[in-house]
A.B. asks: 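Next up is a structure, given as structure tokens.
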Amino acid sequence: MPELPEVETVRRALALKLPGRRIEAVRGRRARMRRLLDPPALARSLAGRRLALPRRRGKYLLLDTEDGGALLIHLGMSGHLQLVSPGRPVEPHTHLAIRLDDGRELRLTDPRRFGFAAFLPRGAEAADPSLAGLGPDALDDAIEGWLPPLLKARRAPLKALLLDQRLVAGLGNIYATEALFRAGIRPSRPGNATSSTRLRRLAGSVRNVLLDALSAGGTTLRDHLSPDGTPGYFQVELDAYGRAGLPCRRCGALLHTARIAGRSTVWCPSCQR
DNA sequence: CCAGTATCCTGCAGGC
DNA sequence: TGCCTGCAGGATACTG
């Protein structure tokens with residue numbers, strides 16, 4: 001479930017370690033992931049390159065190399081990265097290991113293989129199928145300006161719209177659910193049946209819930225990529241997600257659950273209209 | 001174009 | 001205890 005805050009936390013951790021490091025070797029076996037993982041091809045593109053500051057777009061991580069290329073990584077649902085010494089035992093489902101010139105190894109582990117890692121040569125980013133259609137980042141501080149009109153123009157449930165990465169990039173099931181709770185809006189409500197005022201409130205809630213998660217993650221930043229590295233999900237206090245049947249923290253009513261947009265969704269029938 | 005559903009994959013929880 | 005089913009999730013192919 002790495003969503004934007006989790007990916008951003010990983011990015012910040014990597015930003016402390018990767019810039020200036022040279023890639024010495026790439027290991028792994030070909031594997032069917034979201035895209036075919038081809039470690040030998042990655043080795044040909046990456047070996048000998050120095051890394052720059054990593055970037056993030058939505059839930060995608062871009063490990064830039066100094067020659068203008070980038071390793072594009074998506075963690076899917078079950079993926080995580082670890083930066084460890086090469087001698088450490090390799091976790092099951094580790095598909096890729098990148099050895100750096102400081103003796104450490106960056107490992108991609110992903111049991112469900114919904115994630116991937118692929119090399120983008122210089123100039124290929126704009127045309128990449130995953131990145132080309134991506135909407136503006138959900139952390140954009142102008143989100144209250146551009147998101148409401150996009151939602152207003154659609155009749156799908158707001159929950160489905162928030163999960164659409166072409167509209168806004170970075171939200172997954174957890175934070176979409178939480179943002180709707182904070183805004184007091186029912187997840188099933190169609191975008192075009194919601195007032196602009198409430199859509200602005202929703203956009204603000206999106207940003208706030210992500211910032212809160214990010215600051216919660218910041219406190220445990222060190223754990224994310226430590227040698228003992230837990231993959232690092234936040235212990236954020238969630239109001240709705242995972243609390244079906246429990247009392248609403250705000251009003252005490254029992255939280256409802258249903259599948260909306262193919263995802264389990266939780267909301268308060270009293271607070272959220 | 002738009003909305004909704006199936007699909008990929010593994011681990012785990014729950015039912016019987 | 002062990003088997004089976006269903007769910008979890010992100011992106012995308014597909015259908016209507």
Side-chain angles (χ1 to χ4, degrees), chain A residues 1-11 28-38 56-62 72-81 90-96 108-118 120 125 127-138 149-180 186-194 206 210 213 230-234 236 238 240-245 255-266:
Chain A
M1 326 163 202
E3 301 182 29
L4 187 154
E6 289 78 12
V7 178
E8 175 60 16
T9 299
V10 170
R11 189 199 69 77
R29 296 163 64 144
R30 282 166 62 96
R32 275 189 301 276
M33 302 189 70
R34 183 87 208 102
R35 298 185 192 179
L36 181 72
L37 180 73
D38 189 348
R56 179 188 61 74
R57 289 187 59 187
K59 302 172 196 172
Y60 293 88
L61 206 52
L62 288 140
L72 177 65
I73 297 174
H74 195 289
L75 297 175
M77 183 252 165
S78 58
H80 70 268
L81 292 170
V90 178
E91 277 186 70
H93 305 294
T94 296
H95 307 293
L96 186 68
L108 172 63
T109 304
D110 185 0
R112 279 162 236 193
R113 288 190 269 134
F114 280 12
F116 70 88
L120 301 183
E125 190 177 329
D128 183 85
S130 298
L131 300 177
L134 220 50
D137 199 81
L150 296 178
L151 301 175
K152 191 83 181 174
R154 304 278 294 266
R155 60 182 172 88
L158 285 169
K159 175 70 185 301
L161 298 175
L162 291 179
L163 291 175
D164 187 342
Q165 305 297 302
R166 294 168 299 186
L167 294 183
V168 50
L171 290 172
N173 199 33
I174 296 173
Y175 295 115
T177 298
E178 291 299 306
L180 285 159
R186 225 166 254 228
S188 57
R189 179 175 286 282
N192 64 1
T194 315
V206 164
L210 295 177
T230 51
Y233 300 121
F234 302 117
V236 193
L238 298 176
Y241 182 88
R243 298 194 70 244
L255 299 183
H256 283 199
T257 184
R259 290 188 82 76
I260 298 176
R263 300 274 176 270
S264 72
T265 303
V266 183

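Letters go in sequence order (proteins before strands), and every chain restarts at 1. The basis for the numbers below is simple: all heavy atoms, side chains too, and nothing from hydrogens, waters or symmetry mates.
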A.B. asks: What does A/P92 touch in the nucleic acid at a heavy-atom separation under 4.0 angstrom: a base, only the sugar-phosphate, or nothing?
C.D. replies: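 The residue A/P92 makes no contact with any strand.
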A.B. asks: A/L4 and side chain to side chain contact (heavy atoms under 4.5 Å, CB included): which single residue from A/V168, A/D137, A/L171, A/T9 fits?
C.D. replies: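 Answer after filtering A/V168, A/D137, A/L171, A/T9: A/D137.
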A.B. asks: With the criterion being N/O to N/O and under 3.5 Å, what pairs connect the protein with nucleotides 12-16 of chain C, and how long is each?
C.D. replies:
{"residue": "C/dT12", "atom": "OP1", "partner": "A/S130", "partner atom": "OG", "Å": "3.3"}
{"residue": "C/dT12", "atom": "O4'", "partner": "A/R34", "partner atom": "NH2", "Å": "2.7"}

A.B. asks: Atom CZ of A/R57 and atom CZ of A/R11: how far apart are they, to the nearest 0.5 Å?
C.D. replies: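 One finds 14.0 Å between CZ of A/R57 and CZ of A/R11.
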A.B. asks: Is A/H93 near enough to B/dG11 that one of its side-chain N or O atoms lies under 4.0 angstrom from OP1 or OP2?
C.D. replies: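 Checking B/dG11 against A/H93, a side-chain N or O does come within under 4.0 Å of OP1 or OP2.
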A.B. asks: Does the plane of the ring in A/H74 sit parallel, tilted or perpendicular to the ring in A/Y60? Use 30° and 60° as the thresholds.
C.D. replies: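 It falls in the perpendicular class, over 60°.
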A.B. asks: Quick check on contacts: within residues 109-117 of chain A, what sits under 4.0 Å from DNA chain B by heavy-atom distance?
C.D. replies: A/P111, A/R112, A/R113, A/F114
A.B. asks: Which part of the nucleic acid, if any, lies within contact of A/G172, taking any heavy atom under 4.0 Å across all strands shown: a base, the sugar-phosphate backbone alone, or nothing?
C.D. replies: sugar-phosphate
A.B. asks: If only atom types and distance count, is the side chain of A/E91 paired as donor or acceptor with the main-chain N or O of A/T109 below 3.5 Å?
C.D. replies: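 Checked: no pair found.
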A.B. asks: Without swapping roles, check the side chain of A/R243 against the backbone of A/G245 for a donor-acceptor pair under 3.5 Å.
C.D. replies: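 Not a single qualifying donor-acceptor pair exists.
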A.B. asks: Would you say the side-chain atoms of A/R34 and A/S130 include a donor-acceptor pair closer than 3.5 Å?
C.D. replies: no
A.B. asks: Any side-chain to backbone donor/acceptor pair from A/T257 onto A/A244? Under 3.5 Å, distance only.
C.D. replies: no
A.B. asks: Given 3.5 Å as the limit, does a donor-acceptor pair link the side chain of A/K152 with the main chain of A/T194, or not?
C.D. replies: yes
A.B. asks: Could you work out which one of B/dC9, B/dT10, C/dC7 sits closest to the side chain of A/R259?
C.D. replies: C/dC7
A.B. asks: Atom CG of A/L161 to atom P of B/dA3: distance rounded to whole Å?
C.D. replies: 7 Å
